[in-house]
Amino acid sequence: MQGSSEKSNITIPLMSAEELIERVHAYDKNVNEELLKKAYAFSQQSHSNQQRASGEPYFSHPLAVAEILTGLRMDSIGLAATLLHDTVEDTIASMEDIKRLFGDEVAKLVDGVTKLSKIKLKKEQSTQAENFRKLIIAMSVDIRVLLIKLADRLHNMRTIQYLPKPEKRKNIARETLEIYAPLAQRIGVERMQDELEDLSFAEINPDTRDSIIARLHFLRDRGGNITQRIVKELGTLLHDEGIEAKVEGREKAPYSVWRKMQRKNVGFEQLSDIMAFRIYVDTVSECYQALGVIHSHYHVIPGRFKDYISTPKPNRYQSLHTGILGPEKQRIEIQIRTYEMHEIAEFGVAAHWAYKSGGGPKKDGIEYHWLRELLDIVEHAHKSEEFLQNTKLELFQDQVFCFSPKGDLIALPQGASPVDFAYAIHGRVGDTCTGAKVNGRIVPLRTVLRNGDQVEIITQKGSNPSPAWERFVVTGKAKSCIRRFIRTQQRTEYIILGKSILEKLCKQESIEYSEKAFLSVCADFQADSVDDLFANIGAFPNTARDIFNAAYPNHKLKPIEKDPDKIVKTSRDKIKSQNNVPITLKGLIPGMAVHYARCCHPIPGDSIVGIVTTGRGVTIHTADCETLENFMASPERWIDVGWDDKQHDDNSEKLIARLNVVLANQPNNFANMTTIIGKNNANIFNLKITNRTADFFDFILDLEVRDTQHLSDIIAAIRACPAVNSVERAKGR
């Protein structure tokens, strides 16, 4: 798109709707005349008050793009979308208007082109051009979207000279050269590729282009009509040898010449294929016969022969390539192929898909088959409608391309989350990630990213990865970083836990704790150091007594306390004596893994006990939790813990409390109850209906609350609701 300008209006004759229809009718007898007339009129009206930078009516642009696509034999629906492709972005027309007036298929094409128009390559992102190309292909679900966008860019490049700012012209030209010209090459539209490259080259490096053109003119003037003379000489030579062949010659485009000079790091005079010639014959054997004739009459340039007939390229391209010091002592390149090979080369290899991308074709031939279908669409008018409706671009659908706030493009696997994005930026960004914004909105970290999303990662110094992330990240880097952190953190915690368990066991047995005693038994338990021994105990607390017995073999163990009431009472007494210290484990570092038991859902205000749990750190239970009976035989696993005695407010960390509720089965009752919960500053975390009758609902309700007082207030308020039959705090397993 090119914007308006203060230039005076340029009056030019525009192609009429009838003329457009006539062009389409030349290759498609089933042209949808009504659709094209309607799209023509709507686009012309929508853009009626707009001008291009040249001063032309803006409508001349979509019309010119449509004209380009008639040369590629675009179908009626694609051309209607072409006429409308800028209406949603640049006029008051909406996507709903397009869908209502022209149908879903046209609307989808317009929407696809509109989205592609928002993709811009920043100056410093040249190295990411390939990712941008993949993003464009991934977003172009229908091939016609990509063709419209390429034609749109081609017309903009044809009129780029009217943009007043040189820097803007160069940016557009660079983007065209790095993004759109290679895309045109990949889908086989060589004419479009060559023109895009030449127009961009003229804008980016005009002096070099002029110099190459001047040299080509010099060679042409000096040699006269040398190309035709070489064609004639080669044709006569082959004919005299009994080979009937067609010979064509061409002069390479300035950009192609310059690119080869850059790639090979050679001067203009050293190029052997400024002039390239093709020889077409009927059979494979004639290809080799023609090669023998050429090599027997001219000097071969060493290193220039390639046999792609016996060893085709991955994309099925076949031809013989050779470089010779040919007629009139000219260094030329010759390609020898059959007519059938030429068809494949023109329609299957023009895109150079697998070859230029550095990868082989898919085993099932999908990539080549897709290209053949695409080029059939372009070349065979009677199949245009059918193929265009069914051919879809599925390449790169296994990847997602997202932007950072600075515009950097990150390629991720399909299903990636903001956490994957964070680790793709840097390991430290991932480790300290606490939240994410996608397209300006805060989203859960497990959100699945989509093509074109802008992702902003929120970090906090001192934050650590969550083990839960491993369940939804998809990139290898994210998984390995999370696992490495978990291993490091677990080992540290296990060491401290193991040492704490042994210290407690020594205290219970009235023995002074000595690290030397345990160091002496490390080898017996396959531990290289005392830290390894502690880590093993932390991971498997039940081994603590065996290690203690090995360290103190002559000590007689005290009998294990079997009275659960006494253990719980002792725990409660110790909790009270601690004067409600914060949740912490004696001798443990801050950040120790702490989990709240789901069997009893402890909250601040409850009497609690900590249990060392294998592989999880410490699990907090209410002191009257029935599950504690399972740990009576392992008193060394019990940890004295308590709550922080600070005042809890609405901003305090909230824990889950579980309620059993029976509610009358009547309209609005549930809404009334949830309103009560909301007014009491609580949030429903989960809800599960356990029984339903004609009269009542029984359900389990998990609430986020501050403490026991907060929960009591909520229960009292719910009980006051006439619709509630009963509400009790859930207990038990």
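Computed from a prediction, not measured in an experiment: that's the story for all the values here.
- Across every non-hydrogen atom of P413 and V400, the tightest pair is O-CG2, 4.0 Å.
- Panel note: side chain T87, backbone L84; a donor-acceptor pair is recorded below 3.5 Å.
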Can you check side chain to side chain contact (heavy atoms under 4.5 Å, CB included) on M157 and L196, steps first, answer last?
CA-CA 7 Å; M157 287 303 301; L196 287 171; 4.2 Å; yes

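- I410 places a side-chain heavy atom less than 4.5 Å from the side chain of L412.
- Annotation: side chain of L83 is in contact with side chain of L20 (closest heavy-atom distance under 4.5 Å).
- Considering only heavy atoms from C-beta on, L147 comes within 4.5 Å of M74 through its side chain.
- To the nearest 0.5 angstrom, L63 atom CG is 11.0 Å from E56 atom CD.
- One finds the NE2 atom of H61 at 11.5 Å from the CZ atom of R158 (value rounded to the nearest 0.5 Å).
- R169 contributes a side-chain N or O that, together with a main-chain N or O of L163, makes up a donor-acceptor pair within less than 3.5 Å.
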Decide yes or no on side chain to side chain contact (heavy atoms under 4.5 Å, CB included) for I294 and L234, but give the supporting numbers first.
CA-CA 8 Å; I294 297 297; L234 292 174; 3.7 Å; yes

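- The shortest distance between side-chain heavy atoms of L325 and Y298 does not fall below 4.5 Å.
- Side-chain contact annotation: E340 with T338, donor-acceptor N/O pair under 3.5 Å absent.
- Atoms CD1 and CD1, from I172 and I204 in turn, are 11.0 Å apart once rounded to the nearest 0.5 Å.
- Nearest heavy-atom pair across P254 and R209 is CB-CG, 4.2 Å.
- The CD1 atom of I160 sits 12.5 Å away from atom NE2 of H155, with the distance rounded to the nearest 0.5 Å.
- A distance-only check finds a donor-acceptor pair linking the side chain of E286 to the backbone of D282 [under 3.5 Å].
- In this structure, Y58 and D86 have side chains that are in contact, with non-hydrogen atoms separated by less than 4.5 Å.
- Looking at T114, its side chain does come within 3.5 Å of a backbone N or O of V110 through a donor-acceptor pair.
- Of all the heavy atoms in L35 and S76, the pair that sits closest is CD2-O, 4.0 Å.
- Remark: the backbone N or O of I21 is not paired with any side-chain donor or acceptor of H25 at under 3.5 angstrom.
- Taking a cutoff of 4.0 Å between a charged side-chain nitrogen and a carboxylate oxygen, D152 and K149 qualify as a salt bridge.
- M192 and L154 get closest at one heavy-atom pair: CG-CD2, 4.0 Å.
- Note that the CG atom of L199 and the CD atom of Q161 stand 9.0 Å from one another [nearest 0.5 Å].
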Yes or no on salt bridge (Lys or Arg N to Asp or Glu O under 4.0 Å) for E195 and R153, after CA distance, side-chain angles and deciding distance?
CA-CA 11 Å; E195 189 174 357; R153 178 52 62 107; over 6 Å; no

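- Counting heavy-atom neighbours within 6.0 Å of K246 NZ, excluding the residue itself, gives a total of 12 or less.
- Under the 4.0 Å criterion applied to side-chain N and carboxylate O atoms, E175 and K170 are not assigned as salt-bridge partners.
- Side-chain contact check for L320 versus C287: some heavy-atom pair is nearer than 4.5 Å.
- Checked by atom type and distance alone, the side chain of E203 never pairs as donor or acceptor with a backbone atom of S200 at under 3.5 Å.
- Taking the six-membered ring where the residue is Trp, the centroids of Y308 and H321 are separated by under 6.0 Å.
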Show your reasoning for whether side chain to side chain contact (heavy atoms under 4.5 Å, CB included) applies to D307 and Y288.
CA-CA 10 Å; D307 185 348; Y288 289 101; 2.9 Å; yes

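- Counting only distance, with no hydrogens or angles, the side chain of S319 and the backbone of I336 share a donor-acceptor pair below 3.5 Å.
- P62 and H47 get closest at one heavy-atom pair: CG-CD2, 4.4 Å.
- Residue T82 comes nearest to H85 through the heavy atom pair O-ND1, 2.5 Å, listed as atom of the first residue, atom of the second, then distance.
- Just one residue in the list E248, R278, K306 forms a side chain to side chain donor-acceptor pair (under 3.5 Å) with Q335, and that residue is R278.
- No donor-acceptor pair closer than 3.5 Å links the side chain of S256 to the backbone N or O of A253.
- Within the 4.5 Å cutoff, the side chain of N156 has heavy atoms near those of the R52 side chain.
- The side-chain heavy atoms of E233 and R229, taken from C-beta on, include no pair separated by under 4.5 Å.
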M341 and I309: side chain to side chain contact (heavy atoms under 4.5 Å, CB included), yes or no, with the steps?
CA-CA 9 Å; M341 291 174 189; I309 293 180; 3.8 Å; yes

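- Distance OG1/T322 to CZ/F305: 6.5 Å, rounded to 0.5 Å.
- Evaluation of the ring-ring contact (aromatic ring centres under 6.0 Å, His included) rule for F201 yields Y255, W258 as partners, not counting sequence neighbours.
- Counting heavy-atom neighbours within 6.0 Å of H295 NE2, excluding the residue itself, gives a total above 12.
- For E22, the CD atom is loosely surrounded, since the number of other residues' heavy atoms within 6.0 Å does not exceed 12.
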